[in-house]
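Input: a single structure, listed below in C-alpha cells.
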Amino acid sequence: MEIREIFTILLLIILILCAIAVNFTKNLLSAVVIFMAYSLIMAIVWAMMRSPDLAITEAAVGAGVSGTLFLVTLKKVHLEDKIVSDLIEIDLDESEEETAEVGEGAQV
Amino acid sequence: MTSFEKWFYGETDVLNHAMDEAREPDSPDHARKERVKARLAEIRETEQYRERVENSRKEFRGLYLAVTAVGAIALIGVLLYVTACLPEYGAENPHTLEVITRYIEKGLEETGAVNIVSGIILDYRAFDTLGESHVLFTALICSMLLLRLDRKNMRSDHEDYYTVRTDKFFDLSADQIFRRVGAFLVPSIFIFGIYVVLNGQVSPGGGFSGGAILGAGLILFSASFGFEKVDRIFTRKVSSIITLCSLGFYSFAKGYVFFTGANGIENHIPKGTPGNILSGGMILPLDIAVGLVVGCTMFGFYSLFRRGSIGGNGAATGKSSK
Amino acid sequence: MAFIWNFPLFTIVLSLFSGALCMVLRPKAARYYTIIYQCFLIILVSFVLWFTVTSDSQFTYSMGEFPAPWGNEIRGGVLESLVALAMLLVLLASCVAGWHFLKIDIDESKINLYFSVINLITAALMSLVWTNDIFTGYVFLEILTLSACGITIVREVGRTTLAAVKYMILNLMGSGLFLLGVVLLYDFTGQLLMVPMKSAVAAVLTDSESMPALTLSVAIMTIGLGIKSGLFPFHFWMPDSYGWSTPASAAILSSLVSKAYIFLLIKIYYRAVGIDVITQTPILKMLFVLGICGIIFGSVSATSPDTLPRMIGFSSAAQIGYIYMGIGIGTHLGFVAALFQLLTHMVTKALVFLAAPYLEEASDNNIKFIFLQGAARRDRTAGLYFTFGALSMVGIPCLGGFAMKLMYGQAAISDPSSAKMFIIMITLAASSFLNTLYFIRTVIRLYSDPEEKASSERQKLYKAQAENAKRAEGRRGFVIAGAFLMALNLFLGLFPWIFEALINQGLAMFS
C-alpha cells in the first residue's frame with residue numbers, strides 16, 4: 001500500500017477515536033476541544049479525497065465558527081468547569097431555585 | 001519552592017495581570033444571592049430532595065443503557081454491511097456513469113465555470129442551493145426567536161441582567177494578545193474571505209466557504225476589539241437589509257432562470273470566457289449573495305449567543321425596535 | 001406548456017422570499033401580508049388542481065434549461081395538488097384562529113419573526129409536495145425541521161423549551177438517518193431524480209445480488225422519516241411538544257408537518273424505488289406492525305393522563321399509526337385509505353388543537369381535567385368544535401373519521417386470504433373502543449356540571465373570564481376558522497367517493 005493510503009487510514013482511525021473520546025470525556029470543555037479537533041481532521045480527509053471546497057468550508061465552519069459558538073455557550077451557562085456527573089445536581093438545583101424564588105402555587 | 005515552580009503551579013503571575021480575561025462583575029446582587037443560597041441549603045436537607053437525587057440516578061438506568069448499546073451496535077452493523085456492498089472507492093461503476101459524464105465533459109461549456117463543483121451547485125442544481133441558503137436563514141430566525149432579549153425574557157429574576165445585557169463580564173478586549181494579533185489577522189482574514197468568494201467559479205471556494213471565512217473574521221474582530229467598534233458599522237438594520245437583499249436577489253434571479261428555462265425562453269445571461277473573474281453567467285453574483293448571507297448569519301449567531309441581540313443595545317432599554 | 005405549469009414554482013420561490021421579507025416588516029404588516037399571501041397561494045393551487053383533474057394529466061417542470069437527470073425538476077399531478085390545497089387551507093385556518101393566543105404567548109417584537117417562520121414552513125411544505133428529486137426533498141426537509149422547532153420554541157415557558165429541545169434532538173436524528181439513506185441510494189444508482197432512480201434501481205437489482213443492501217438503505221430512510229413523523233417507538237415527543245406550544249403552532253405541527261414527511265415517504269416508494277420492489281422487501285410488513293402497535297399503545301396511553309393536551313398528543317400518535325397501517329397493507333386500496341386518513345387527520349387535529357386552549361382559558365388556564373369540568377358550558381363555541389373533532393376521531397357516521405374507517409375496512413376485506421384482514425378488523429374495533437373511552441369521557445366531563453356549587457368563588461371567576469374572552473380580539477377569527485374546518489370535515493365525511501376518485505386518479509399517475 002502506498003504512503004497516501006496508509007496516511008488516510010491513520011486519519012480515519014483518529015477520527016473514530018475522536019468520536020468515541022467526545023462521548024466518554026467527563027469534562028465538557030475537553031469534549032468541545034476534541035470536537036474541534038475532529039473537524040480539523042475531517043478537513044484534512046476531505047483534502048486528501050481531492051475536494052478542496054469541502055475542506056475550506058469544514059475548516060472554517062467546524063473548527064472555527066461552531067467551536068467558538070460551543071465555547072461561548074459553555075461560558076454563558078457556567079459549565080466550563082463542571083463535569084458530567086454533576087449535571088444531575090445542577091438540573092435539580094435550577095428547578096429548586098425556581099421554586100425558592102417564585103414561591104409555591106406558581107404554575108409553569 | 002523556586003520561583004519557577006511557583007509559576008508552574010499557578011501561584012504567581014509573571015505577566016502581572018496583563019492577560020486576565022474577565023473583569024469584575026459590575027453590580028452583583030449579593031443579598032438576593034445569599035437568600036437563594038440559604039433556601040437551597042434548607043431544601044437540600046430534606047428527605048424529599050435526597051430521594052429525588054437517588055431515584056433520578058437509578059430509574060431504568062440499566063434498561064436505557066442496554067437498549068442504547070443494542071441500538072448502536074445494530075446501526076453500526078447495518079451501516080458496515082451496506083458500505084461493504086457499495087461499489088469500490090474510485091472504481092468506475094457502469095450504472096452510475098450517466099449523470100457524471102455530462103457534468104465532467106460538458107460542464108465547462110454549459111456553465112462557463114472552470115470549477116465544475118460551483119457549476120453544479122449554482123447552475124445545474126441551483127434549486128438545492130436556494131434551499132440551502134434558506135436553511136441557514138431559518139436557523140438564524142429560530143435563534144433570534146429563542147435568544148433575542150425582549151420584555152418577557154428580562155422579567156425573570158434568575159440572571160444578573162445588567163451584566164448579561166452589556167456582556168462586560170466576558171469582555172476580552174483588554175487582553176494584549178487579542179489586540180495585537182487581531183490587528184494583524186482581521187484584515188488578512190477579510191481579504192482572504194473576499195478572495196474566496198469572488199473566485200468561486202475559477203478556483204475552489206465559492207459562496208459558502210468564503211462566507212464562513214468572512215463570518216469568522218467578523219467574530220475575531222468583535223472579540224478582539226469589543227462590541228462597540230462592531231456596532232458602529234454592523235447594526236441590526238444593516239444585517240437585516242443585507243440578508244433580505246441577498247436572499248431576495250437569489251430567489252428572484254434563480255426564479256427568472258427557472259422560469260425562462262422551463263418555458264423555453266432564452267435568458268440573456270452571458271457566460272463569459274472561462275478563467276476570468278467575470279465569467280460563469282450568474283455564478284459570480286450568486287456567490288456574492290450567498291457569501292454575504294453566510295457571513296452575516298455566522299456573526300449573527302455569535303452576537304446572539306453573547307449578548308442576545310444583533311447590533312446595538314435595543315433590548316437594554318426595553319423598547320422593541322425594528 | 002400551459003402557464004399554469006409555472007404555478008408550483010411560484011408557490012415555492014415566493015414563499016421563500018416572503019420568509020425573508022417578513023423579517024423586516026412590522027408585526028401587524030407581517031401578519032396581514034402572510035394571510036393575504038396564503039389566500040393568494042390557495043387560489044393558485046386551486047387552479048392547478050382544476051387543471052390537472054380536468055385534463056387528467058400530470059406535468060413535469062424542469063427547473064432551468066437542463067433536462068431530467070442533470071437538472072432539477074418538480075412535478076404536479078392530481079394527488080400533489082389535492083394535498084397541497086388541503087395543507088394551505090389548514091395552514092390559513094391555524095394562523096387565523098390562533099391569533100388570540102399568539103398575542104399572549106409571544107412578545108410583540110417577535111411576531112414578525114414568527115410569521116417569517118410560517119412562510120418558510122409554507123415553502124417547505126409546498127416543495128416537499130411538488131418535488132421530483134430526493135436531494136431537494138432532503139434540503140426542504142431540513143427547512144421544515146428547523147422551522148418546526150422555531151414555532152415551538154417561541155413560547156417562552158420553561159416546559160416548552162424542554163419539549164422543543166426533545167423534539168429537535170429526535171428530529172435531527174431522523175434527518176441524519178434520512179440523509180444516510182439518500183447517500184446510500186445515490187451511491188448505488190448514481191441518480192438523484194426520482195424517475196431515473198427507479199430505472200437505475202431496477203437495473204442494479206437485475207445485475208447483482210444487492211437486494212439486501214438496497215433494502216437496508218430504503219429501511220434507513222424509512223426509519224428516519226418515521227422518527228420525524230411519529231411512528232410507534234418514536235412517538236414519545238408528541239404529547240410534550242404539542243401540548244406545550246402555542247395553539248397555532250400545535251395545530252400546524254400535528255396536522256401538517258408530520259403529514260409532509262409521510263407524503264414524501266409515499267412518493268419515494270412510488271416514484272424512486274417502485275412499489276413492486278418495495279412489496280418484495282419486508283419493509284411494508286415492518287410498517288404494518290409498527291403502525292398497529294402505534295394505534296394500540298397510543299390509545300392506551302391516552303387514557304391515563306390527567307391533563308388535556310397530553311391526551312390529545314397521545315391520540316395524535318394513534319392516528320398517525322393508522323396512516324402507517326394503511327401504508328403497511330401494501331395494496332392499492334391500502335394506500336388510498338392511508339391518503340384519505342392523511343387528509344382527514346389534517347383537518348380534525350387542527351380543529352381539536354385550536355379549540356382546546358379556549359376551553360383551558362375558560363377555566364383560568366388550568367390544564368387538568370378536574371378544573372376543566374363544565375368548560376364547554378362556559379365557552380360554547382370551543383366546546384362545540386372540540387366535541388365535533390372528538391366525534392370525528394371516534395368514528396361517528398357522517399363525519400370524516402367514519403369514512404376513513406370504512407375505507408380501512410374495505411382495504412382489509414379486499415384480500416381475504418391473508419392474515420392481515422383479521423388483524424386490521426380487530427385493531428379497528430379495539431381502537432374505536434379505546435377512542436370512545438378517552439374522548440367521549442372527556443366530552444362528557446366538559447359538558448357536565450362542575451362539582452362545586454355554581455355560586456362558589458371559582459365559578460364566579462370563570463364566568464367573569466368567559467365574558468371577557470368573548471370580547472377579545474381574535475375571537476371572530478377563531479369562530480370563522482373553526483367553522484371552516486368543521487365544514488371541511490363534513491365534506492370529507494359526507495362525500496368520500498369524490499375524494500376516493502381524486503386519490504385514485506392521482507395514484508394512477510403518481511409513479
Side-chain angles (χ1 to χ4, degrees), chain A residues 4-5 8-9 12 16 19-20 23 36 39 43 45-78 80 84-104 106 108, chain B residues 21-22 32 35-40 42-44 46 49 52-53 56-57 89-90 115 117-118 121 143 147 156-159 164 167 169-170 189 192-193 196 200 203-220 223 294 297-299 301-308:
Chain A
R4 196 187 172 95
E5 282 186 23
T8 314
I9 294 181
L12 290 174
I16 298 179
I20 299 178
N23 190 22
M36 290 167 77
S39 278
V45 170
W46 290 134
M48 301 214 53
M49 289 210 262
R50 302 202 180 104
S51 36
D53 304 61
L54 286 171
I56 302 178
T57 315
E58 175 80 36
V61 170
V65 177
S66 92
T68 310
L69 290 177
F70 266 123
L71 291 173
V72 170
T73 311
L74 278 187
K75 195 80 178 170
K76 291 286 248 192
V77 296
H78 309 300
E80 70 275 6
V84 174
S85 60
D86 284 350
L87 282 178
I88 297 182
E89 295 250 10
I90 293 178
D91 175 39
L92 288 170
D93 272 358
E94 302 212 325
S95 66
E96 298 301 344
E97 193 172 320
E98 261 185 54
T99 318
E101 275 287 296
V102 180
E104 295 188 2
V108 160
Chain B
E21 55 180 49
R32 185 185 54 84
R35 260 191 292 130
V36 172
K37 267 198 211 154
R39 175 95 178 101
L40 279 178
E42 265 179 51
I43 293 182
R44 280 204 191 100
T46 60
Y49 180 84
R52 254 179 90 183
V53 172
S56 69
R57 288 186 183 175
Y89 177 67
N115 182 13
V117 173
S118 283
I121 64 177
S143 302
L147 290 173
S156 152
D157 283 328
H158 295 310
E159 278 213 45
V164 167
D167 202 52
F169 191 77
F170 304 121
I189 293 182
F192 183 60
V196 170
S203 71
F208 289 103
S209 337
I213 298 175
L214 284 175
L218 265 177
I219 292 178
L220 184 60
V294 174
T297 308
M298 296 290 171
F299 179 68
F301 284 143
Y302 179 74
S303 185
L304 280 169
F305 277 37
R306 285 257 333 236
R307 57 184 178 157

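Here is the naming used below: chain letters follow the sequence lines, and residue numbers restart at 1 for every chain.
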Test item: B/S143 side-chain N/O and B/F301 main-chain N/O as donor-acceptor pair under 3.5 Å: no
CZ-CD1 distance between B/R306 and B/I219, expressed to the nearest 0.5 angstrom: 10.5 Å
Chain A contacts, top residue of B/G210, B/S118, B/S203, B/P204 (heavy-atom pairs, under 4.5 Å): B/P204
Distance in Å, B/L218 CG paired with B/M298 CE, rounded so as to fall on 0.5 Å steps: 11.5 Å
Under 3.5 Å donor-acceptor, A/R4 side chain and A/M48 backbone: yes
Between CG on residue A/L69 and OH on residue B/Y302, distance to nearest 0.5 Å: 9.0 Å
Non-neighbouring partners of B/F305 that pass ring pair (Phe, Tyr, Trp, His ring centres under 6.0 Å), sequence neighbours left out: none
Heavy-atom proximity to chain A below 4.5 Å, by part of B/I213: both
Residues 51-58 of chain A: residues contacting chain B (heavy atom under 4.5 Å, by number): A/P52, A/D53, A/I56, A/T57
Minimum heavy-atom distance B/G205-B/V196, with the two atoms named: CA-CG1, 3.8 Å
Residue, of B/L220, B/N115, B/V294, that accumulates the most heavy atom pairs under 4.5 Å with chain A: B/N115
